[in-house]
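Heads up, the thing below is written out as structure tokens.
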Amino acid sequence: QHSRQQSVINLFQSAPDELGRMPSVLVNCYDERGRFPAVVPDEVQGGATATRLLLEAGHRRIAFVNDAAPSPASVGRLAGYKAALAQFDVDFDPSLVLSVTADQEGGYGAAAQVLATGATGVFCHNDRTALGLYDALRESGKRVPDDISVIGFDDIPMCEMLDPPLTTIHAFKEELG
């Protein structure tokens with residue numbers, strides 16, 4: 001019988017001091033003071049992969065609808081977006097980066113700005129944001145992917161129900177645990 005206690009903590013950046021009293025590993029978050037080991041996704045690689053898929057499809061004017069809240073995901077995915085653009089010799093244009101709440105309302109509200117940029121492809125911070133963008137694009141008469149391509153992040157089950165299904169980057173949440 002295993003007598004050691006173990007903990008898995010999720011969704012905060014400042015771990016409570018009480019965790020220091022038992023072996024602990026943080027999952028999908030980190031302790032800002034670096035007191036505990038953490039298992040986190042490679043957000044830079046994820047952002048680069050999403051952007052690279054659009055670049056490989058021929059897009060050169062790619063909007064990034066990012067989360068306005070600073071987080072490892074928003075910072076890392078932006079870094080990956082920039083890295084992929086550089087890899088394809090596409091100049092970074094800050095006017096193509098939009099900061100919104102990372103939910104359907106944020107994506108819906110970003111659509112007019114995305115269209116105003118002349119982007120032909122859009123990388124959304126997460127799938128919920130992409131869902132909102134899909135709705136607004138459809139209402140504006142745009143067809144995905146014929147008129148504009150969209151890629152999300154997280155691979156939530158609802159993505160498959162969209163018409164057409166949303167291209168998304170799979171977040172390995174189960175594997176993190």
Quiz item: Backbone N or O of Ile62 within a donor-acceptor pair of the Tyr81 side chain at under 3.5 Å?
Solution: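 Present.
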
Quiz item: Where the side chain of Ser74 meets the backbone of Asn66, is there a donor-acceptor pair that is under 3.5 Å apart?
Solution: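 No: the side chain of Ser74 does not pair with the backbone of Asn66.
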
Is the shortest heavy-atom distance from the side chain of [X] to the side chain of [Y] under 4.5 Å?
{"X": "Val144", "Y": "Ser149", "value": "no"}
{"X": "Tyr134", "Y": "Pro164", "value": "yes"}
{"X": "Cys124", "Y": "Asn126", "value": "no"}
{"X": "Ile156", "Y": "Leu131", "value": "yes"}
{"X": "Asp67", "Y": "Val100", "value": "no"}
{"X": "Leu133", "Y": "Val150", "value": "yes"}

Can you name the nearest heavy-atom pair linking [X] to [Y], along with the distance?
{"X": "Leu55", "Y": "Ala84", "answer": "CD1-O, 3.4 Å"}
{"X": "Ala111", "Y": "Ala136", "answer": "CB-CB, 3.3 Å"}
{"X": "Ala50", "Y": "Ile169", "answer": "CB-CG1, 3.7 Å"}
{"X": "His125", "Y": "Ala102", "answer": "CD2-CB, 3.7 Å"}
{"X": "Ser140", "Y": "Leu137", "answer": "OG-O, 2.8 Å"}

Value rounded to 0.5 Å, distance of [atom1] in [X] from [atom2] in [Y]:
{"X": "Cys159", "Y": "His170", "atom1": "SG", "atom2": "NE2", "answer": "11.5 Å"}
{"X": "Thr129", "Y": "Gln104", "atom1": "OG1", "atom2": "CD", "answer": "9.0 Å"}
{"X": "Thr117", "Y": "Leu96", "atom1": "OG1", "atom2": "CG", "answer": "5.0 Å"}
{"X": "Leu166", "Y": "Asp155", "atom1": "CG", "atom2": "CG", "answer": "8.5 Å"}
{"X": "Asp103", "Y": "Arg128", "atom1": "CG", "atom2": "CZ", "answer": "6.5 Å"}

Quiz prompt | Under the side-chain contact (heavy atoms from CB on, under 4.5 Å) test, residues paired with Glu56 that sit two or more places apart | solution =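 For Glu56, the residues satisfying side-chain contact (heavy atoms from CB on, under 4.5 Å) (neighbours in sequence not counted) are Arg52, Leu53, Phe88.
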
Practice problem: Check Lys82, Arg60, Arg61 against Asp93 for a salt bridge (Lys or Arg N to Asp or Glu O under 4.0 Å) and give me the one that passes. | Solution: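 Filter result, single survivor: Arg61.
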
Same hydrophobic cluster for [X] and [Y], using side-chain heavy-atom links shorter than 4.5 Å among ILVMFWY?
{"X": "Phe92", "Y": "Phe123", "value": "yes"}
{"X": "Phe153", "Y": "Leu78", "value": "yes"}
{"X": "Ile151", "Y": "Val65", "value": "no"}

Quiz item: Listed by chain and number, what are the salt bridge (Lys or Arg N to Asp or Glu O under 4.0 Å) partners of Asp91, not counting sequence neighbours?
Solution: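 Checked Asp91 against salt bridge (Lys or Arg N to Asp or Glu O under 4.0 Å); zero matches.
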
Self-check item: Audit row: Thr49, Gln45, side chain to side chain donor-acceptor pair (under 3.5 Å) steps and yes/no
Solution: CA-CA 6 Å; Thr49 299; Gln45 181 62 42; 3.1 Å; yes

Quiz item: Checking Arg77 against Phe64: charged group under 6.0 Å from the ring centre and within 45 degrees of the axis?
Solution: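 No; the conditions do not both hold, so Arg77 does not lie above the ring face of Phe64.
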
Quiz item: Among side-chain atoms of Glu105 and Thr101, is any donor-acceptor pair under 3.5 angstrom?
Solution: no

Quiz item: Taking atom types as modelled and ignoring hydrogens, do the side chains of Thr168 and Asp127 form a donor-acceptor contact shorter than 3.5 angstrom?
Solution: yes

Quiz item: Name the one of Thr51, Ile148, Leu54 that satisfies side-chain contact (heavy atoms from CB on, under 4.5 Å) with His59?
Solution: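 The passing option is Leu54.
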
